Amino acid sequence: MKTRHLLLLSLFAVFAATPALAQDAWPAKPVKLVVPFPPGGGTDLVARAMGQKLSERLKQPVVIDNRPGASTIIGTDAVAKAAPDGYTLLLSGSTSYSVNPALRAKLPYDPVKDLAPIAIVARAPLALVVSGNAPWRTVNELIAAAKAKPKSVRYASFGAGSGPQLAAELFALAGGVQLQEIPYKGSAQSTVALIGGEIEMGVDTVASVAPQVRAGKLRALGIVGATRSSLLPDVPTLAELKLPEATFDAWYALAAPARTPAPVVQVLLREVSAVMADAGLQAQLRTQGMEPVVIGPQPFRAQMESEIARYRALAHRAGIVAE
């Protein structure tokens, strides 16, 4: 009996220590960070800046794997179907987590079921801008003009389901106006069009528009995101301007395949939190118009689910269809 009792105690000790052992053993090899965008963009910048610091803390290489294509679907799906061992992670924007699931009828992955949220690590506020020569100096003046003549205010879009389109349509719904969408290939083209008077309004990243705002060629009427931008600190959010329904929050987040062991997720959350507290990294992100944050698994999941429902309703009302 005594021998059996000792054996049971030994087994209990082994099983009780298993999570700790698993946590201590990870990582034992390089970690792959999948970025579903080409090199050089905002998501890639966040991944490389964070990955370098994370590698130092984990004592293992963090390898950036750029897998662009199909509006982030290719790279995101690869992570969703990867082994849930913590060695394949996703660093992507809200397109992967909330926009695509809301606007696309068929996806090869379900972010809520197939991904394990770790942390939102940065926000990328968008700004609502008009030409520096425009007659409107406030959001209310712009809304009044749009109400007086429906669809007279044209805005730049980067295609169905793009951030600028969703943000502009949320603004239109919140303000009770009708806007006219004009498609462009990207920020450079739309900025030239806005300055030249081809369109009346734009919604773009603060990093893209801030130089033109400072030069007086564009006028920022409001920040579309949840918080003000450190690049344009004097510009209020649309929520501050009594248009909270117009908030469109663009963000970057880290996730793992679903069923990744909880101890591994906790290690990642701890180390990512330490990395994002680094003053040098924070300064680097802010110069690119991003606001570093750490929003953990549960609020990350809640935001993802809330945005999917909100954007799905918006797409239905505004007739937005992403192919």
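What you see is a predicted model; the values in this text were computed from it and never measured. Throughout, numbering of the chain's residues begins at 1 and tracks the sequence. Note that these values count all heavy atoms, side chains included, but never hydrogens, waters or copies made by symmetry.
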Exercise. Do the non-hydrogen side-chain atoms of L89 and V79 ever get within less than 4.5 Å of each other?
Worked result: no

For this session: Could you tell me whether the side chain of L254 reaches within less than 4.5 Å of the side chain of L33, counting heavy atoms only?
Result: yes

Seminar exercise, completed: Of all heavy-atom pairs linking L238 and G222, the shortest is CD2-CA, 4.1 Å

List, one per line, each side-chain donor-acceptor pair under 3.5 Å for residues 138-152, sequence neighbours excluded.
{"from": "T138", "atom 1": "OG1", "to": "E141", "atom 2": "N", "distance (Å)": "3.1"}
{"from": "E141", "atom 1": "OE1", "to": "R137", "atom 2": "N", "distance (Å)": "2.7"}
{"from": "S152", "atom 1": "OG", "to": "K149", "atom 2": "O", "distance (Å)": "2.6"}

Problem set entry | Q60 versus P30, closest heavy-atom pair with distance | OE1-N, 3.6 Å

Exercise. Can you list the residues that meet the side chain to side chain donor-acceptor pair (under 3.5 Å) rule with S94, with sequence neighbours excluded?
Worked result: none

Seminar exercise, completed: Residues at least two apart in sequence or cross-chain that pass side chain to side chain donor-acceptor pair (under 3.5 Å) with S187, listed by chain then number, are D204

Exercise. Quick one: CZ on R310 to CG on L166, what's the gap to the nearest 0.5 Å?
Worked result: 9.5 Å

For this session: State whether the side chain of E245 and the backbone N or O of L170 hold a donor-acceptor pair below 3.5 Å, judged by distance alone.
Result: no

For this session: Please answer: with hydrophobic residues joined when any side-chain heavy atoms are less than 4.5 Å apart, are V203 and V209 in the same cluster?
Result: no

Exercise. Linking I/L/V/M/F/W/Y whenever their side-chain heavy atoms sit closer than 4.5 Å, directly or via other members, would V224 and I199 fall into one cluster?
Worked result: no

For this session: Go through the structure and list residues passing side chain to side chain contact (heavy atoms under 4.5 Å, CB included) with V112, not counting sequence neighbours.
Result: D110, R301, M304, E305, I308

For this session: For residues A315 and L103, report the shortest heavy-atom separation together with the two atoms involved.
Result: CB-CD2, 3.2 Å

Problem set entry | Side chain T191, main chain A188, donor-acceptor under 3.5 Å | no

Problem set entry | Side chain D77, main chain I73, donor-acceptor under 3.5 Å | no

Exercise. Residues in side chain to side chain contact (heavy atoms under 4.5 Å, CB included) with V235, at least two apart?
Worked result: A220, I223, L232

Problem set entry | Positive for side chain to side chain donor-acceptor pair (under 3.5 Å) with R154, one of Q180, E200, E181, E198 | E200

For this session: Indicate, with yes or no, if L241 and V130 share a hydrophobic cluster defined by side-chain heavy-atom contacts under 4.5 Å among Ile, Leu, Val, Met, Phe, Trp and Tyr.
Result: yes

For this session: Could you pull out the closest heavy-atom pair between M50 and L281, with the gap in Å?
Result: N-CD1, 4.3 Å

Seminar exercise, completed: The reported gap from OG in S131 to CE in M201 (rounded to nearest 0.5 angstrom) is 14.0 Å

Exercise. Taking everything shown except K81 itself, do over 12 heavy atoms lie less than 6.0 Å from its NZ?
Worked result: yes

Exercise. If you look at every heavy atom in L231 and A207, which pair is closest and at what distance?
Worked result: CD1-CA, 4.1 Å

Problem set entry | NZ-CZ distance between K32 and R67, expressed to the nearest 0.5 angstrom | 4.5 Å

For this session: Using modelled atom types only, decide if a donor and an acceptor are shared between the side chain of N66 and the backbone of F37 within a distance under 3.5 Å.
Result: yes

Problem set entry | Test item: R219 side-chain N/O and G132 main-chain N/O as donor-acceptor pair under 3.5 Å | yes

For this session: Could you tell me which residues satisfy side chain to side chain contact (heavy atoms under 4.5 Å, CB included) with I74, sequence neighbours excluded, listed by chain and number?
Result: A70

Exercise. Could you give all pairs that pass the ring pair (Phe, Tyr, Trp, His ring centres under 6.0 Å) test and reach residues 145-191, with sequence neighbours left out?
Worked result: none

Seminar exercise, completed: With sequence neighbours left out, the residues meeting side chain to side chain contact (heavy atoms under 4.5 Å, CB included) with S55 are V62

Problem set entry | Main-chain N/O of G161 paired to Q165 side chain as donor or acceptor, under 3.5 Å | yes

Problem set entry | Listed partners of S98 passing side chain to side chain donor-acceptor pair (under 3.5 Å), at least two apart | E307

Seminar exercise, completed: Distance col, row T43:OG1 vs R48:CZ, nearest 0.5 angstrom, shows 11.5 Å

Exercise. N100 and side chain to side chain donor-acceptor pair (under 3.5 Å): which partner among T72, T76, T95?
Worked result: T72

Exercise. Hey, does V34 have a side-chain heavy atom less than 4.5 Å from the side chain of T88?
Worked result: yes

Problem set entry | ring pair (Phe, Tyr, Trp, His ring centres under 6.0 Å) pairs, two or more places apart, involving residues 90-131 | Y97-W251, Y97-F300

Problem set entry | ILVMFWY cluster, I118 and Y252 together (side-chain gap under 4.5 Å) | yes

Which atom pairs, donor and acceptor, lie under 3.5 Å between side-chain atoms of residues 290-297 and protein residues at least two apart or in another chain?
{"from": "E291", "atom 1": "OE2", "to": "S230", "atom 2": "N", "distance (Å)": "2.9"}
{"from": "E291", "atom 1": "OE2", "to": "S230", "atom 2": "OG", "distance (Å)": "2.9"}

For this session: Of all the heavy-atom pairs spanning S157 and P164, show the shortest one and how long it is.
Result: CA-CB, 4.5 Å

Problem set entry | Under the ring pair (Phe, Tyr, Trp, His ring centres under 6.0 Å) test, residues paired with F248 that sit two or more places apart | Y311

For this session: Check whether the side chains of T237 and E240 place a donor and an acceptor atom closer than 3.5 Å, and report yes or no.
Result: yes

Problem set entry | Heavy-atom donor-acceptor pair, T260 side chain to P257 backbone, under 3.5 Å | yes

